[in-house]
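Please read the structure below before turning to the comments.
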Amino acid sequence: MLKNRIIPCLDVKDGRVVKGINFVELKDAGDPVEQAKIYSDGGADEICFLDITASNENRETIIDIVRKTAKECFVPLTVGGGVRNIQNITDLLLAGADKVSINTAAVKNVDFVKEASKKFGSQCIVVAIDAKKVSENKWEVFTHGGRNKTGIDAVDFAKKVEENGAGEILLTSMDKDGTKSGYDVDLLKTITNSTNIPVIASGGVGTLDHLYDGIVKGGASAVLAASIFHYGEYKIKDAKEYLNSKNVSVRL
Amino acid sequence: MNVTIVDYQSGNISSVINSFTEVAKGKVNLEVTSDIKKIKFSDKIVLPGQGSFKSCVDSLHKISGLVDTLRDFAITNKKPLLGICVGLQMFADVGYEEAETKGLGWIPGKVSRIDNQNGKFKLPHIGWNEIEIQKESKIFKDIKNKSHMYFVHSYEFIPEDKSVISATTDYSSKIVCSVEKDNLFGTQFHPEKSDKIGLKVIDNFLKL
């Protein structure tokens, strides 16, 4: 039986982890390679890097981090943030990323998703959708970290990226992100019911119960979380044992 | 020992290179190449494969003499070859991804889209799933039944002769996830992305 995945996400800015894990055993709390290794040794099913570096000049930094991480972590590695063209994807994959996640560039031009999945295979193309609730059971796609409204309906967009070859959707609720009050389960349910590709839930996790809700109530195939793992509140193992105790199948 | 990872310019093989490099450290001489001469004189070959069945087969054919060299190596000379993901799928006679495409024809069978029971099962089949070992296989030495491996695919290999199947995994039906036929080995899952247990599969292959 296919297991539900737990994916810790590391936000990386100019080569350093933002909101890093406060583990005592860490030599350098800001080193993304070291943190990724801790997660992978701890049983993470995948590792996700989100590059939030604002400037374009620093792209080499994330590529270098991916290169080093890929030599030490032998679980899938997804990298997102600033992926705008085929060259960006090529660079990340050659450095050792297994999947790339595309956000703004997919919203601007859905043909980019098609081109990328045709060239590299759907298995490595994740489309990250940032959605905000606009009315009852209606969500809109936002870009630039929730600042820019696009007028695009999130459900329509999810279906469209699936048609264009996306292998997975990484769905973040902009209303919930950073609140620690749980995923937007209605949004998740709506998107997982209207698409046939796996959906990764993101945004809002504060407790282990929230992970359970994302999978069981929201229908997500994988759950992504940042701060509950960063701050050492829970280890990956705690999350897996909790889910297992509630009959959610995970890789133990 | 010389082991060659065939680089035929199709898909992303960085992870395969990284994990084989990790396991081979100091024990095995690893080459990543499409140079036919080097392939001929290797002791073992790894055939990765990402993207569609058609794109992988097309890329193999683009390199002059490569398909024949691989056939001589694996079929005529019966030297060990490990196919990963689409690398395994290409052993088949035919694949149906994108368009009907002739495979290498090394193990009779076909590659078809996983029957997801009208959307009941999401595709691609992405993530960690348990393998159910069907017969003893040299690459599964010291690997427990029901171990977790990482999968990402939408198509499955259906061999005519079921005795080649060494493990299956459960996703809508029993999907073939590894084969062994004489010197030919193949995994649908990605040992290079399957954590320590996956590295063990690689180690077993390198130790053959």
Side-chain angles (χ1 to χ4, degrees), chain A residues 1-7 40-41 43-47 66-77 89-90 92-100 117-126 162 165-169 192-200 219-222 249-252, chain B residues 10-23 25 49-56 85-86 97-98 116-130 132 146-155 169-172 175 190-200 202:
Chain A
M1 183 184 188
L2 185 65
K3 302 302 157 88
N4 297 285
R5 285 168 283 156
I6 313 275
I7 309 176
S40 132
D41 288 346
D45 295 313
E46 265 178 60
I47 309 277
V66 169
R67 196 175 291 125
K68 286 179 183 146
T69 307
K71 286 194 168 73
E72 294 195 34
C73 297
F74 301 99
V75 298
L77 179 61
I89 301 177
T90 306
L92 288 168
L93 294 180
L94 282 177
D98 297 288
K99 310 181 202 178
V100 294
S117 60
K118 195 141 179 64
K119 184 161 171 66
F120 304 103
S122 291
Q123 84 288 340
C124 67
I125 304 301
V126 180
E162 176 181 0
E168 277 177 291
I169 290 169
T192 54
N193 284 336
S194 32
T195 53
N196 287 309
I197 52 177
V199 175
I200 304 165
S221 304
S249 61
V250 288
R251 176 179 71 115
L252 282 173
Chain B
S10 178
N12 170 30
I13 61 168
S14 308
S15 291
V16 174
I17 298 170
N18 280 330
S19 53
F20 273 80
T21 306
E22 171 77 11
V23 180
K25 252 186 222 163
Q50 270 207 356
S52 73
F53 185 94
K54 185 176 184 309
S55 69
C56 285
C85 198
V86 185
E97 190 170 1
E98 274 189 67
N116 70 339
Q117 302 176 17
N118 292 321
K120 209 176 135 205
F121 290 84
K122 301 228 166 194
L123 289 181
H125 170 220
I126 297 185
W128 297 83
N129 209 335
E130 289 168 352
E132 288 163 33
K146 304 260 178 193
S147 288
H148 288 101
M149 300 291 181
Y150 185 77
F151 290 82
V152 49
H153 64 125
S154 298
Y155 285 73
T169 194
D170 202 359
Y171 194 68
S172 88
I175 288 174
H190 290 267
E192 77 279 12
K193 284 283 121 188
S194 297
D195 215 343
K196 291 173 194 80
I197 199 88
L199 297 184
K200 180 69 193 151
I202 292 172

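Treat the numbers as computed from the prediction; the structure is a model and nothing was measured.
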Option in Val152(B), Leu123(B), Thr21(B) with maximal non-hydrogen atom pairs under 4.5 Å from chain A: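 Looking at each of Val152(B), Leu123(B), Thr21(B) in turn, Leu123(B) comes out on top.
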Heavy-atom pair count under 4.5 Å with chain A, highest-scoring of Ile126(B), Asp170(B), Thr169(B): Ile126(B)
Contacts of Glu162(A) that satisfy side-chain hydrogen bond (donor to acceptor under 3.5 Å, both in side chains) - sequence neighbours left out: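 Counting only residues at least two positions away or on another chain, Glu162(A) forms no side-chain hydrogen bond (donor to acceptor under 3.5 Å, both in side chains).
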Quick one: what part of [X] sits under 4.5 Å from any heavy atom of chain B, side chain, backbone, both or neither?
X         : value
Cys124(A) : neither
Glu72(A)  : neither
Ser117(A) : neither
Arg5(A)   : side chain
Lys118(A) : side chain
Ala97(A)  : backbone

Side chain, backbone, both or neither: which part of [X] has a heavy atom under 4.5 Å from chain A?
X         : result
Glu98(B)  : side chain
Lys196(B) : side chain
His153(B) : neither
Ser19(B)  : both
Asp195(B) : both
Leu199(B) : side chain

About how many Å separate [atom2] of [Y] and [atom1] of [X], when rounded to the nearest 0.5 Å?
X         : Y         : atom1 : atom2 : result
Ser55(B)  : Lys119(A) : OG    : NZ    : 10.5 Å
Glu46(A)  : Tyr150(B) : CD    : OH    : 4.0 Å
Lys3(A)   : His148(B) : NZ    : NE2   : 3.0 Å
Ile197(B) : Phe74(A)  : CD1   : CZ    : 15.0 Å
Asn18(B)  : Thr69(A)  : CG    : OG1   : 10.5 Å

Main-chain N/O of Leu2(A) paired with Trp128(B) side-chain donor or acceptor, under 3.5 Å: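 Checking the backbone N and O of Leu2(A) against the side chain of Trp128(B), no donor-acceptor pair under 3.5 Å is found.
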Ion pair Glu130(B)/Arg251(A), N-O distance below 4.0 Å: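 Salt bridge between Glu130(B) and Arg251(A), a charged N being under 4.0 Å from a carboxylate O: no.
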Heavy-atom check, side chain of Lys193(B) versus side chain of Asp98(A), under 4.5 Å: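 A side-chain contact exists here, since the closest heavy-atom pair is under 4.5 Å.
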Without placing hydrogens or testing angles, list every side-chain donor-acceptor pair under 3.5 Å for residues 193-200 of chain A, not counting sequence neighbours.
from, atom 1, to, atom 2, distance (Å)
Asn193(A), ND2, Lys189(A), O, 3.2
Ser194(A), OG, Thr190(A), O, 2.5
Thr195(A), OG1, Ile191(A), O, 2.8

Least distance between heavy atoms, Ser14(B) atom then Gly96(A) atom: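 The pair with the smallest heavy-atom distance is CB-CA, 3.8 Å.
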Option that, when pairs with chain B are counted at under 4.5 Å, heavy atom only, ranks first among Asn4(A), Thr90(A), Leu94(A): Leu94(A)
